[in-house]
Amino acid sequence: MMMQLLIRSEKDGILCPIPQYPLYSASIALHGGTLVPYYLDEATGWGLEVSELKKQLQEAKSNGITVRALVVINPGNPTGQVLAEENQKAIVEFCKEEGLVLLADEVYQENVYVPEKKFHSFKKVARSMGYGEKDIHLVSFQSVSKGYYGECGKRGGYMEVTGFGADVREHIYKLASVNLCSNITGQILASLVMSPPKVGDKSYESYIAERDGILSSLARRAKTLEDAFNKLEGITCNKAEGAMYLFPRINLPKKAIKAAEEVKTAPDLFYCRRLLNETGIVFVPGSGFGQVPGTWHFRCTILPQEEKIPAIVTRLTDFHKRFMDEFRD
C-alpha cells in the first residue's frame with residue numbers, strides 16, 4: 001500500500017538495503033518505480049552507514065530519480081543484524097534532512113538474541129530526539145508471522161503511519177477498503193499480538209514461560225548454526241544478533257563457479273540445489289536477495305526444531321566437505 005502511494009512513475013525511487021527481503025524489489029517493480037540500492041557492510045556485521053545512503057541518494061539524483069523513501073529492516077532480513085540506537089538516530093536525521101519517508105520494517109522486533117543489543121523502534125528514537133508528529137514521515141510495520149508467536153499461516157499485521165496529513169491518511173484508508181473481505185482471523189491475531197496477557201491475568205504466567213522458552217531456544221539454535229558455519233572451509237558467518245536467519249558468505253572454488261556457469265546457474269544457487277538434492281536441507285541463495293558483485297551467500301533459517309539442529313549440522317558438514325573436495329582448485 002505504501003509503495004502504491006509513494007510511487008508515481010519510474011522517476012520515483014525507494015532506497016532499499018542490499019541484501020534485502022525480495023518483497024521490496026518486487027513491489028517497487030510492480031508499481032513502476034526504481035529501486036535505489038544501498039549496500040550493508042558485511043565487514044562491520046552488516047552495518048548501515050549513513051555515508052553510503054548519502055552516496056546512493058546523490059547518484060540517484062544525478063540520474064534524474066526523485067528518491068521518496070528509505071526502507072530499513074531492523075532486525076535485518078536476511079542478514080540478522082540489530083541496529084545500534086546511535087545508528088538509528090543518524091538514520092532519522094538523514095531522513096529528516098532529505099525529506100524522505102522512513103519505512104521501518106520492524107517485524108522481527110521480538111527476535112533479539114544477544115545481551116549487548118536491544119531493539120529500539122524508530123518512532124521511539126525519533127521522539128527521543130525531539131521530533132514530533134509533524135517533523136518526520138514514518139511508517140512502522142509489524143506482523144503476526146514473526147516474533148515468538150510465528151503464525152506464518154495467518155495473514156495479520158499492521159502499520160502505524162505518523163507524520164502524514166489527513167488527506168494522505170484518507171487515501172490510505174481508501175486503499176485499505178478496496179479489500180472488502182475482512183481477514184477476521186488475521187485481525188484477531190493482530191489484536192492479541194498488540195495486547196498480550198498482563199500481570200494479574202490468569203494466562204500471564206504460562207504466556208511468559210512459553211514466550212521466554214521459545215525465544216531462548218531460538219537464541220541457542222542461532223548460536224549453534226553460527227558456530228557450525230564458521231567451522232566450515234571457505235564459509236564465514238556474522239554473529240546472529242536477531243531475526244530468524246543467518247546469511248553466511250561462501251568462497252566457492254573456481255571449478256564450482258565454472259560448473260555453475262556451464263549450466264547457466266548462479267554459483268550460490270548451484271551450491272544450494274546440490275545441498276537440497278543430497279541432504280533435503282533448504283537454503284535460499286544470496287543472489288535472490290542481492291549481494292556485493294563477486295560475493296556469494298545463502299540464507300539459512302534458525303526455525304527447525306531445536307532437537308533436529310545437530311542432525312542438520314552433521315548433514316551440512318558432510319555435504320560441504322564432499323562439495324569442496326569435488327571442486328577443489
Problem set entry | Contact summary for A228 and V313, nearest pair of heavy atoms |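 Heavy-atom minimum between the residues: CB-CG1, 3.7 Å.
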Is there side-chain contact between [X] and [Y], with heavy atoms separated by less than 4.5 Å?
| X | Y | answer |
| --- | --- | --- |
| L70 | L53 | yes |
| E241 | V112 | no |
| L232 | T317 | yes |
| M1 | I172 | yes |
| P253 | R328 | no |
| V139 | L102 | no |
| M244 | L303 | yes |
| L316 | L275 | yes |

Problem set entry | Residue among F327, F283, F298, W296 satisfying ring pair (Phe, Tyr, Trp, His ring centres under 6.0 Å) with Y271 |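 The passing option is F298.
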Answer yes or no: does atom [atom1] of [X] have more than 12 heavy-atom neighbours from other residues, nucleotides or ligands under 6.0 Å?
| X | atom1 | answer |
| --- | --- | --- |
| E278 | CD | yes |
| K146 | NZ | yes |
| E98 | CD | yes |
| R211 | CZ | yes |
| F319 | CZ | yes |

For this session: Kindly indicate, with the supporting measurements, whether the criterion salt bridge (Lys or Arg N to Asp or Glu O under 4.0 Å) is fulfilled by E160 and K123.
Result: CA-CA 9 Å; E160 184 184 23; K123 184 182 181 187; 2.8 Å; yes
Go through the side-chain N and O atoms of [X] and [Y] and say whether any donor and acceptor fall under 3.5 Å apart.
| X | Y | value |
| --- | --- | --- |
| Q81 | T79 | yes |
| N77 | R299 | yes |
| Y21 | Y245 | no |
| Q20 | Y38 | no |
| E151 | S145 | no |
| R220 | T224 | no |
| H120 | Q88 | no |
| D268 | Q291 | yes |

For this session: Following the transitive rule for hydrophobic clusters with a side-chain heavy-atom cut-off under 4.5 Å over Ile, Leu, Val, Met, Phe, Trp and Tyr, establish whether L35 and I65 coincide in one cluster.
Result: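 The answer is no; the residues belong to distinct hydrophobic clusters.
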For this session: Check the hydrophobic clustering (I, L, V, M, F, W, Y; side-chain heavy atoms under 4.5 Å; chains of links allowed) and say if I18 and V284 are grouped together.
Result: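 No: no chain of side-chain contacts under 4.5 Å links I18 to V284.
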Tell me if a side-chain donor or acceptor on [X] pairs with a main-chain N or O of [Y] at a distance below 3.5 Å.
| X | Y | result |
| --- | --- | --- |
| R8 | L5 | no |
| D41 | W46 | no |
| R221 | P304 | yes |
| H137 | G163 | yes |
| T295 | V292 | yes |
| D105 | V72 | no |
| Y113 | A243 | yes |
| S217 | G213 | no |
| S287 | A266 | no |

For this session: Would you check, one step at a time, whether the test side chain to side chain contact (heavy atoms under 4.5 Å, CB included) holds for L103 with M3?
Result: CA-CA 10 Å; L103 300 175; M3 293 303 176; 4.1 Å; yes
For this session: Output, in order, the C-alpha distance, side-chain angles, deciding distance and verdict of side chain to side chain contact (heavy atoms under 4.5 Å, CB included) for Q4 and L175.
Result: CA-CA 9 Å; Q4 205 170 338; L175 267 180; 3.3 Å; yes
Exercise. Going through the distances and angles, do N111 and Q109 end up as a side chain to side chain contact (heavy atoms under 4.5 Å, CB included)?
Worked result: CA-CA 5 Å; N111 304 100; Q109 58 188 262; over 6 Å; no
Problem set entry | Test of ring centre spacing under 6.0 Å for F289 and F247 |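 Yes, the ring centres sit under 6.0 Å apart.
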For this session: For K89 and E93, run salt bridge (Lys or Arg N to Asp or Glu O under 4.0 Å): C-alpha distance rounded to whole Å, both residues' side-chain angles, the deciding distance at 0.1 Å, then the answer.
Result: CA-CA 6 Å; K89 286 179 180 177; E93 200 60 56; over 6 Å; no
For this session: Check the pair E85, K117 against salt bridge (Lys or Arg N to Asp or Glu O under 4.0 Å), reporting the backbone distance first and the verdict last.
Result: CA-CA 9 Å; E85 190 173 10; K117 288 287 182 82; over 6 Å; no
Exercise. How far apart are the C-alpha atoms of F141 and F122, what are their side-chain angles, what is the distance that settles it, and do they pass the ring pair (Phe, Tyr, Trp, His ring centres under 6.0 Å) test?
Worked result: CA-CA 11 Å; F141 300 97; F122 270 102; over 10 Å; no
Exercise. Do the charged groups of D325 and K321 touch, with an N to O distance under 4.0 Å?
Worked result: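 A salt bridge links D325 with K321.
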For this session: For salt bridge (Lys or Arg N to Asp or Glu O under 4.0 Å), just list the numbers for K223 and D227, CA-CA rounded to whole Å, side-chain angles, deciding distance to a tenth of an Å, and then say yes or no.
Result: CA-CA 6 Å; K223 186 74 173 82; D227 290 345; 2.8 Å; yes
Exercise. Could you state the interatomic distance from CE (M194) to OG (S191), rounded to the nearest 0.5 Å?
Worked result: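 So the gap between those two atoms works out to 8.0 Å.
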Exercise. Between Y148 and D212, does a side-chain hydrogen bond (donor to acceptor under 3.5 Å, both in side chains) hold up when you go through it step by step?
Worked result: CA-CA 8 Å; Y148 48 87; D212 292 351; over 6 Å; no
